[in-house]
Structures are given as structure tokens and as C-alpha cells.
Amino acid sequence: MKRIKRNYVNQPIVKKDAASLLSGHPVYTDDLASSNCLIVKLLRSPHAFARIQKIDKTKAMLVPGIEAIFTYEDVPKKRFTLAGQTFPEPSPYDRLILDEWVRFVGDPVAIVAGKDEECVKKAMKLIKIDYEVLEPILDFEQSLDNPILIHPEENYVGHEGQGTDAKRNLCASMIHEEGDVEQALKECDYVIDETYHTKAVNQAMMEPFATFTSMDIYGRVKITSSTQIPFHVRRIVAHALNISKSKVRVVKPRIGGGFGAKQTAVCEIYPAFVTFMTKKPAKLVYTREECFICGSPRHEMEMHVRLGADKNGKIKAIAIHTLSNTGAYGEHGPTTVGLSGTKSISMYTGLSAFKFSYDVVYTNVMSAGAYRGYGATQGIFALESAVNELAHKMNMDPVRIREMNMVHEGDKLTNYYGESTNACALDRCVERIKEMIGWEEKYPYRVVGPNKVRAVGMAMSMQGSCISNIDVGSAQLRLNDDGFYTLLLGCSDMGTGCDTILSQMAADCLGCDMDQIVVRGVDTDQSPYDSGSYASSTTYVTGTAVVKACEKMKERILDAGSSVLGCPREEMEFDGQRVFWAKEEEKGLTLADLVTSLQAGADDVLAAQASHHSPVSPPPFMAGAAEVEIDLETGKVTPIDYVACVDCGTVVNTNLARVQTEGGLVQGIGMALYEDINYTEKGRLKNRNFMQYKIPTRLDMGQIRVDFESSYEPTGPFGAKSIGEVVINTPGPAIADAVYNGCGVRVRTLPITAEKVFMGMMEQNNGK
């Protein structure tokens with residue numbers, strides 16, 4: 001076959017849905033809900049830990065327009081997890097739809113459904129509940145082996161191999177080590193022994209959690225939801241309702257942002273249960289306050305890091321112990337924490353020994369879940385901060401110590417499932433950010449005013465491109481009359497542009513225009529199975545499935561052309577527009593003519609499907625450097641410039657890769673400087689709206705500049721790796737070190753607030 005010219009991959013292609021989104025077309029879940037939906041709302045617990053003694057809904061049911069009110073007495077007693085992960089889930093089954101035990105302020109205690117919001121709100125006020133209020137555990141450092149048990153239920157289900165022990169408030173536990181780390185640390189000339197703390201932060205996506213449900217004509221529950229995990233939602237809802245998966249259909253429209261929050265089935269079960277019980281359509285859209293108080297935020301983690309190096313700066317040993325706060329329930333608890341060690345330690349090569357251990361504990365706060373970076377963000381903040389501290393202790397440039405110790409192409413990754421790097425441009429990324437930020441001229445700081453300095457700091461990060469041997473991506477192609485293709489996908493475009501990226505790949509594989517590729521969003525009745533859009537897997541895993549499906553489609557086209565034209569199969573060629581006999585090119589058919597000929601009296605339909613999973617998860621790499629201004633009178637830290645250079649293999653879409661990187665950096669800057677979930681002494685979330693929960697605006701992020709150093713990953717489609725998550729990980733440690741370089745204050749607990757910096761400077765100056 002002739003070589004097909006690449007026209008779309010590695011180009012700045014505009015997103016396929018850009019025009020509809022910009023013009024305000026109704027594309028999101030709430031836009032599409034039918035007008036006759038029952039309005040569903042959840043009555044929530046005012047207590048952090050309590051047991052319901054009595055619920056009286058008699059008066060509430062008398063409110064005109066109320067259709068149904070459900071309590072823990074009305075739901076199945078079958079436990080499940082809301083985590084959207086490939087079956088069998090590692091997360092414990094510790095939830096019921098509604099439970100007599102409430103485990104955080106905001107835990108649902110009743111589902112109320114009525115004809116409009118007014119009657120539902122009125123009914124909620126009339127439900128009378130008697131609670132036995134219990135003492136909660138709000139500090140995750142006090143949870144392990146506490147006599148207060150957060151999950152005392154007898155039907156709690158933990159899964160083997162996770163170290164789960166509900167009677168110790170332990171959701172998961174593990175130790176992994178190679179070599180004698182204690183002996184290796186003793187032999188080191190320099191040792192850092194510090195503890196780092198990252199607080200919970202909220203994804204703050206613009207579209208709230210939203211679902212509407214109905215019964216189809218076959219008596220099945222149809223769920224339309226803003227979700228990253230349609231196939232997992234089908235399984236979770238079926239399990240919770242104790243019905244067959246064949247009785248559930250899930251459709252995903254456009255998603256207005258997820259960032260991992262919608263990898264948990266936060267709200268789908270409640271309207272689905274209402275529809276299942278009443279046979280009427282129902283809709284639940286979380287308020288912004290509900291998104292804050294009962295969403296699925298990043299795990300709070302505390303990491304004890306011990307790091308040792310010889311006198312030349314060669315790192316010899318790393319030990320990390322992570323304590324993770326899963327909150328009231330364990331979804332994502334056993335899985336998130338592992339990345340705090342695998343994605344941090346593995347950036348450094350040539351170690352004599354390492355040790356990574358963790359404990360994940362329950363507390364009486366909102367359950368934590370997935371957030372972009374998925375545990376790697378926390379671990380990289382800790383280890384990269386420790387490496388920066390080591391560099392300062394040795395009076396060595398932080399860039400230089402990384403150049404001596406970072407992983408290179410071909411190296412075995414230290415704590416990464418035995419994998420080695422096929423493609424790694426981390427060294428070039430570090431060199432590039434030095435140039436971009438002007439490191440040699442600006443390090444460590446410059447005086448820019450009577451009480452102001454500007455300082456720089458840097459960090460590295462890595463992530464993965466899927467969950468190896470687990471994640472599955474699928475694609476199905478159909479060739480239609482007039483010669484255009486339908487591409488059916490099971491992955492969820494949540495604003496990332498994966499529909500566009502996968503169409504670029506398909507168009508280049510098939511040698512056609514992108515306009516000839518029509519993408520269909522996820523419908524579990526029609527789409528091929530896909531694990532979902534998480535773990536940075538879509539471009540790498542589903543992209544490979546698309547390439548495979550295209551190769552199969554080309555073979556089908558050649559087979560059909562041979563049959564219709566009566567020419568030898570081995571002599572047929574396809575150039576993307578025509579299928580023809582190589583010996584006589586005039587003897588051929590356009591795709592439109594080929595399909596037309598097959599539609600009359602033929603026994604074949606031109607379709608191809610492929611699935612893909614990968615035994616490896618090639619990591620993307622990144623280096624980032626921050627320049628901040630510090631007010632020495634107030635401690636205020638102002639971002640001035642952030643530069644980043646990313647190795648994501650082949651960049652598939654240069655526009656989308658750039659905005660992915662910029663968006664991730666802004667979220668990382670927010671976590672480093674502004675965002676902080678806080679609770680009262682009774683477990684009530686303090687910051688429950690955008691007035692109280694501060695995320696960076698365009699005025700708060702400074703200048704952001706992005707570049708790429710491409711490598712070629714042989715196991716990825718067109719040489720691509722992932723980019724979605726690696727980009728969020730460097731701002732925390734880079735900004736923390738910039739602050740230290742500017743004023744000598746080392747902040748080990750995020751966020752880095754003016755108060756912390758000011759008090760640190762006061763301590764240095766003996767309170768003066």
C-alpha cells in the first residue's frame with residue numbers, strides 16, 4: 001500500500017465541538033433534561049457522625065406536588081463503592097444508597113422527589129429526624145486504631161490484598177521496598193528527614209454534578225449524566241439497585257469539566273433510584289454548595305520523606321511513608337495513595353535502596369476521590385521539596401542535583417512496576433526551563449524594591465499513560481454511504497478534546513479529511529466498552545484502539561473492493577479516497593461508490609472494531625520553574641512567571657496540548673498558594689462557595705509559558721504518551737522552593753499563605 005501523508009496529527013486542529021460550545025447550544029446534562037422531570041434533592045446530615053434513631057416523613061409527604069420520599073428503610077441493604085474503577089474494584093464496599101449511620105456533615109439521609117423545587121424544599125424542612133450524635137474523628141492523624149469506629153457495620157466488604165481493616169479505621173495499607181534503606185541512609189553523607197502535608201482541594205469544575213433519568217419503552221433505567229465513567233456508572237447503579245446491568249443504560253453528553261471529580265458516581269444513584277421506584281423521569285443537579293460539601297475532592301496526605309545522598313550529590317536512598325485521609329468512605333482510597341510513591345521515587349535512578357509504605361484512614365469528613373494527578377501531585381510535592389532541601393543543604397544548585405540523578409531514556413524506573421523508559425526527554429525539559437526562566441541570572445533571588453524580592457524555584461514530575469494491564473480502550477468504525485465514517489467511542493470527552501484528537505488519528509490512518517469522521521459520544525447501548533476517561537489513558541490507550549480499528553477498516557475496504565471489482569486481493573490498493581487495482585489504477589471505486597454497491601444485494605457491512613490494553617504505562621515527564629515576588633513586610637507571595645516544558649511523546653494536537661498544560665499549571669498554582677478545604681471543630685466545611693474557596697483568576701496566576709520536548713514512544717499511537725495529569729504536579733514544590741530562596745522560609749504544608757511566610761520570617765528574626 002502507498003504511504004499515506006499525515007495531515008492532522010501534530011497540528012493545531014480546532015476542537016470538533018468548539019462552535020456548538022461557543023454558541024451556547026444545549027449540550028450539557030441539565031440542558032437536555034425533559035421538562036417533566038421530578039426534581040430530586042437530598043436532605044443531608046447536620047452532624048459529622050451520628051446514628052439515625054427515627055425518621056418521620058408524614059408531614060412532608062402531605063406537601064402538594066411531592067411524589068416520593070425515601071429513607072434508609074426503603075433502600076437495598078447491598079453495599080457498594082462509588083469509585084469508577086475497572087472491576088473488580090480495589091475500593092471497599094462501604095456505602096449504602098442511604099444508611100442509618102451518617103459519617104460526615106452532608107451525608108444524605110433522605111431522597112425527596114417532587115414536581116418542582118419549591119415543594120421539594122418545603123418538604124425537606126418538614127422531615128423530622130432523631131439522631132444519636134456520636135463523637136467524630138476529624139483529624140486523620142488520630143484515626144488509626146482509634147476506639148471510635150467509623151465503619152462498625154457487619155456487612156462491610158474489604159477486598160483482598162489492600163490491607164483493609166475497618167476495625168482499625170484502615171481503608172488500605174502497604175509496604176514495598178528494595179534493598180536495605182536503613183543501612184543505605186546510614187551510609188549517606190547528607191540526609192533529609194522531613195514531613196510534608198498537602199490539604200484537600202476541590203476540583204471546582206464549572207458544570208456541577210448533574211444527572212437525569214427516565215424509564216425507556218423496554219422498562220430499563222436510562223441515565224443521562226455528566227460523567228467520566230459511563231460504563232462504570234452502569235455497573236455501580238445496577239449493583240446498588242440490585243438489578244441486572246442489562247436494565248441500565250448510560251448516556252454521556254458534553255461535560256463541563258471533571259478533573260477527576262466525575263470519576264466517582266457522586267449523584268447518579270439517587271435520581272436513578274427515584275425513577276426505578278416511581279417509573280417517572282427525575283433530575284438531580286447539585287448546587288455549587290453541594291459540589292463543595294459532598295463532592296469528591298483530592299485526598300489530604302501527610303508524607304514523611306527520608307532522603308540520602310553521598311558527598312558528591314548522588315542520591316542513594318529514598319524512603320516515603322504516606323498517611324492518606326480517605327474521609328467517610330473508601331472510594332479511590334487504596335488506589336490514589338500508591339501514586340504518591342510510584343510517580344515520585346521513579347524519577348530518580350541509581351538508588352541503592354528505597355522504601356515506600358502507606359496507610360489510608362477513615363475520618364468523619366467528606367469522602368475524597370480522584371483529582372488530576374491522583375496522588376502523584378501530593379507525593380511529588382513532598383519528594384521534590386525534599387530534593388530541593390537536599391540541594392540547599394549541600395550548597396548545590398537544585399538543577400545540578402537533578403541532572404546528576406534524574407532518569408534518562410533506557411533507564412529502569414526505580415519504583416514503577418519493573419518498567420523502563422522507551423522515550424524520555426526529561427533532561428532536555430530541565431535544560432529548556434533553565435533557558436526559559438533565565439535561571440543562571442535569577443537564581444536564587446533578586447532584590448526588586450525596598451521590601452520586595454523576586455526568587456525562582458524548580459521541580460520535575462512524571463505520571464503514567466494508563467493503568468497498565470487494566471485500562472481498556474475501544475473504538476468502532478463504520479463506513480457509510482457517501483464515503484464518510486462514524487467513529488463510536490466509549491471514552492468521555494470532558495472538555496479535553498479527546499473526540500478531536502482521536503478523529504485526527506483516524507483521519508490520518510484512513511487518509512481522509514477530518515470532516516469525513518463523525519464522532520458519536522458515549523452510549524453504553526451503542527458504544528464499545530471503555531474503562532473511562534481517567535488515569536491519563538485516552539490518547540494512549542483509546543488512541544491505539546482507534547489506530548487498530550482503522551487498520552482493520554482498511555483491510556475490509558480492500559476485501560470489498562477486490563470482491564466488487566473482481567480483482568486479486570493482493571493487488572488492491574487504497575489511497576484514502578479510492579480503492580483500485582494496482583496494475584490498472586483507472587479500475588477502481590470511490591468510497592461512496594463502493595458503499596453504494598454493497599447496499600444493493602450484498603451480504604456485508606463495512607465496519608471494524610478494536611480494543612486495546614497495554615502491559616506498560618509509559619510515563620510522560622515535565623520540568624517547571626516558578627518566579628515569584630515576595631513582600632518582605634507582609635509575606636505575600638505573587639506569581640510572576642511560570643515556565644514549563646513537557647515530554648508527552650508526539651504532541652497530537654499542539655493547541656490542545658498547550659491549553660491542557662496551561663490549565664494544569666493554573667490548578668497547581670491554586671493548590672500551592674490559594675486553595676484549602678477547612679472544617680469547623682464540628683466537621684462543617686467552612687469554604688462552601690467561590691467567595692470562600694479561592695481559586696486563581698487570570699489576575700492571580702502571573703505569566704504562564706509552555707514548551708514541548710518531543711520524544712517518540714514506540715508503544716503509543718503515532719509515538720504519543722499522555723499529557724492530562726503530569727502538568728499539574730510541579731507548581732507546588734517549585735513555588736515552595738522559590739519562596740525559600742527569596743526569604744529563607746520553608747513551607748512544608750500547602751497552601752503557602754502570606755501568614756505562613758510572615759510568621760516564618762518572624763521566627764527567623766526572633767519575633768522582630
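In this chain, residues are counted from 1 in sequence order. Basis for what follows: all heavy atoms, side chains included, without hydrogens, waters or symmetry-related copies. Predicted model, so just to flag it, every value in this text is computed and none were measured.
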May I ask you to decide whether [X] forms a salt bridge with [Y], counting only side-chain N to carboxylate O separations under 4.0 Å?
{"X": "E675", "Y": "R298", "value": "no"}
{"X": "D145", "Y": "R168", "value": "yes"}
{"X": "E100", "Y": "R51", "value": "yes"}

Just verifying a value: how many Å separate [X] [atom1] and [Y] [atom2], rounded to the nearest 0.5 Å?
{"X": "F70", "Y": "T278", "atom1": "CZ", "atom2": "OG1", "value": "6.5 Å"}
{"X": "K199", "Y": "L750", "atom1": "NZ", "atom2": "CG", "value": "9.5 Å"}
{"X": "L98", "Y": "D107", "atom1": "CG", "atom2": "CG", "value": "9.0 Å"}
{"X": "N202", "Y": "D676", "atom1": "CG", "atom2": "CG", "value": "12.0 Å"}
{"X": "D74", "Y": "I69", "atom1": "CG", "atom2": "CD1", "value": "10.0 Å"}
{"X": "T336", "Y": "M301", "atom1": "OG1", "atom2": "CE", "value": "6.0 Å"}

So for atom [atom1], which belongs to [X], do other residues, nucleotides or ligands contribute more than 12 heavy atoms lying within a distance under 6.0 Å?
{"X": "Q53", "atom1": "CD", "value": "yes"}
{"X": "K636", "atom1": "NZ", "value": "no"}
{"X": "Q692", "atom1": "CD", "value": "yes"}
{"X": "K78", "atom1": "NZ", "value": "yes"}
{"X": "E132", "atom1": "CD", "value": "yes"}

With side chains defined as the heavy atoms from C-beta onward, is the minimum distance between [X] and [Y] less than 4.5 Å?
{"X": "I52", "Y": "Y131", "value": "yes"}
{"X": "E194", "Y": "V305", "value": "no"}
{"X": "V201", "Y": "Y693", "value": "yes"}
{"X": "Y374", "Y": "T335", "value": "yes"}
{"X": "Q85", "Y": "P90", "value": "yes"}
{"X": "I669", "Y": "Y674", "value": "yes"}
{"X": "I175", "Y": "K355", "value": "yes"}
{"X": "N364", "Y": "H47", "value": "no"}

If you look at every heavy atom in [X] and [Y], which pair is closest and at what distance?
{"X": "V747", "Y": "A736", "value": "O-CB, 4.2 Å"}
{"X": "T164", "Y": "C171", "value": "OG1-O, 2.7 Å"}
{"X": "M671", "Y": "T198", "value": "CE-CB, 3.9 Å"}
{"X": "N146", "Y": "I148", "value": "OD1-N, 2.9 Å"}
{"X": "F140", "Y": "S324", "value": "CD1-C, 4.1 Å"}
{"X": "G114", "Y": "V120", "value": "N-CG2, 3.4 Å"}

Under 3.5 Å donor-acceptor, [X] side chain and [Y] backbone:
{"X": "D94", "Y": "G330", "result": "yes"}
{"X": "E290", "Y": "T287", "result": "yes"}
{"X": "R372", "Y": "G724", "result": "yes"}
{"X": "K262", "Y": "F259", "result": "no"}
{"X": "T213", "Y": "P271", "result": "yes"}
{"X": "Q463", "Y": "G373", "result": "yes"}
{"X": "K756", "Y": "P751", "result": "yes"}
{"X": "S461", "Y": "V726", "result": "yes"}
{"X": "R288", "Y": "R688", "result": "no"}
{"X": "Q228", "Y": "G260", "result": "yes"}

Checklist entry - Can you name the ring-ring contact (aromatic ring centres under 6.0 Å, His included) partners of Y679, sequence neighbours left out? => result none

Checklist entry - How are the rings of F80 and H239 set relative to one another: parallel (under 30°), tilted (30 to 60°) or perpendicular (over 60°)? => result perpendicular

Item to check | Parallel, tilted or perpendicular: ring planes of H151 versus Y362, cut at 30 and 60 degrees | outcome: tilted

Just checking, is any N or O donor in the side chain of [X] or [Y] under 3.5 Å from an acceptor N or O on the other one?
{"X": "E300", "Y": "N325", "result": "yes"}
{"X": "S226", "Y": "E207", "result": "yes"}
{"X": "S340", "Y": "Q378", "result": "no"}
{"X": "S173", "Y": "D359", "result": "yes"}
{"X": "T81", "Y": "E89", "result": "no"}
{"X": "Y534", "Y": "H232", "result": "yes"}

Item to check | Test log, rule side chain to side chain donor-acceptor pair (under 3.5 Å), inputs N388 and S385 | outcome: CA-CA 5 Å; N388 283 329; S385 293; 5.6 Å; no

Next on the checklist: For T326 and H299: C-alpha separation, side-chain torsions, deciding distance, then whether side-chain contact (heavy atoms from CB on, under 4.5 Å) applies.
Outcome noted: CA-CA 6 Å; T326 194; H299 289 74; 4.0 Å; yes

Checklist entry - Does NZ or CZ of R44 come closer than 6.0 Å to the centre of the six-membered ring of Y270, within 45° of the ring's axis? => result no

Next on the checklist: Distance to the ring centre below 6.0 angstrom and angle to the axis at most 45 degrees; does that hold for R79 and Y93?
Outcome noted: no

Item to check | From E302, H197, E389, residue fulfilling side-chain hydrogen bond (donor to acceptor under 3.5 Å, both in side chains) relative to R748 | outcome: E389

Item to check | side-chain contact (heavy atoms from CB on, under 4.5 Å) between L685 and V105, worked out | outcome: CA-CA 8 Å; L685 187 71; V105 175; over 6 Å; no

Checklist entry - Which one of R103, R95, K77 satisfies the salt bridge (charged side-chain N to carboxylate O under 4.0 Å, His left out) criterion with E153? => result R103

Item to check | F356 and I345: CA distance, side-chain angles, deciding distance, side-chain contact (heavy atoms from CB on, under 4.5 Å) verdict | outcome: CA-CA 9 Å; F356 173 51; I345 296 172; 4.1 Å; yes

Checklist entry - Given L43 and I129, is the side-chain contact (heavy atoms from CB on, under 4.5 Å) satisfied, shown in steps? => result CA-CA 11 Å; L43 182 64; I129 307 175; 3.8 Å; yes

